[in-house]
Amino acid sequence: MRLTFYGAAETVTGSKFLIENKNNFLIDCGLFQGPKELRIKNWEDPPFNARAVKAVFLTHAHIDHSGYIPLLVKNGFTGKILSTEATAELCSILLPDSGHLHEEDARYANKHGFSKHSPALPLYTEAEARSSLRFFETYPLETTFSVNDEIDVTFHPAGHILGACLVELKFKVGKKKLLFTGDLGRPHSSFMIKPAKITETDYLVIESTYGNRQHSDEDARDRFEKIVNETAAKGGTILIPSFAVERAQEVIYLLRQLKEKKKIPDLPIYVNSPLTINATEIFRKHPEGHKINPRLLTDHATNPLECGNLHFVQDSEASKKLSGLKFPAIIISGSGMAEGGRILHHLKQKLPEARNAVVFVGFQAEGTRGRALTEGAESIKIHGEVIPVRARIEHIDSLSAHADYREILTWLSNFEKAPRMTYIVHGELKAAESLQDKIKSHLGWKTTIPKYGEGFDLA
Ligand SMILES: [Zn+2]
């Protein structure tokens, strides 16, 4: 059996791990995001035969884990995509939206002529993304099922986001066990469930996004309270780059709590996204995946994922009107790392003014505008234009959906014996190396940081 890393190797995005045994399987199928030299890989032919992949196991719906699926299908894949139900539902929103954004980007590039390619083409279209959804097959958490005579699979809760799971594969011949963490959630989130305790595996593939960092113990609520009040007092707008589904609900949940306690003024909250969906329905259907009392979700008045003054902005005309708002407001708009989507238009408009604030709430990968801004860039480039940064920039990383290195080590300490090998992925090299050192000194385990395209024979 061979395990090869075709993404999330010495970097955070592009998660794709190939298992070659009797059949071929893929764990996650994500897009590369961030620096151009990574994104360019999305456009190359897949480094393996997509037709020969029997099944894809998805850890969760984030685009860096799922966004390559339409391309896999374009390249001839006809197998099964196996995931939890919530992941499939989120993918049915996220993948078409991703296709839509690729089309919008291509259209914009053509209109303004700043692409080197003419005409600029989308990586994939919304229609292609939709058509790839037919390969999904869903299974509940903590239920072992057989894929074929070769392999048994269990999805364990991973926390992180709705539907996220740890994928455990058990090979029937040789009885080998492999565990993939995907993105590992946090043990004490007030919003998401915690990752399952796992006590053994033969091979472990673990994420390291925050392998060199500790989340601060500050309360995200206190930070938001301060930023919202100070910005509103200046008549400014608070921009929150975040995807409109899943991540945005955690922010809305928190803002609603602040509003209820009258800690912040009742500013209008605009969720600016072409998605026609209010994610409440997905949360209501999946009480197993979060900590909100499901009874509250059934009533408008009590629904913690809605506030009285919450508006979903769907069409682009209404989106343009948001630019002309004369009063303080909160705008939530994707993408979360400011790499594309409607947030770019808001940033172009709001960054040059000191009264506004931009609040990042998720991990910001190397090479993204989000990373540049949170590291204090004085200007950034959007659509070929240099935009000065005078707005207040904040990063509330205690809202992170990823375990930090202390939380990862605590989770690993549940293992009764060391895996034969632990592969450290999903982290920038510095983060992965730091986690490697910590695993070595705390647990004494054998670890490897795989390189892109590096394969290992699992004896
Ligand atoms: Zn994720």
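A quick note: this is a predicted structure, and the numbers were derived from the prediction, not measured. Numbering of ligands and ligand atoms starts at 1, following listing order.
- Around the Zn ion (ligand 1), the protein N, O or S atoms closer than 2.8 Å are H60 NE2, H62 ND1, H160 NE2, D183 OD2, listed by chain and residue number.
- Every pair passing side-chain hydrogen bond (donor to acceptor under 3.5 Å, both in side chains) that includes a residue from residues 443-457 is listed here, sequence neighbours excluded: R2-D457, E10-K451, Q436-T447.
- For E103, there are no side chain to side chain donor-acceptor pair (under 3.5 Å) partners two or more places apart in sequence or in a different chain.
- Remark: P35 pairs with E37, L38 by the side chain to side chain contact (heavy atoms under 4.5 Å, CB included) rule, at least two apart or across chains.
- A cation-pi arrangement is absent between K74 and Y124, since the terminal nitrogen or guanidinium carbon is not both under 6.0 Å from the aromatic centre and inside a 45° cone about the axis.
- With ring centers used as reference points, Y423 lies under 6.0 Å from F456.
- F191 and F283 have their aromatic ring centers within a separation under 6.0 angstrom.
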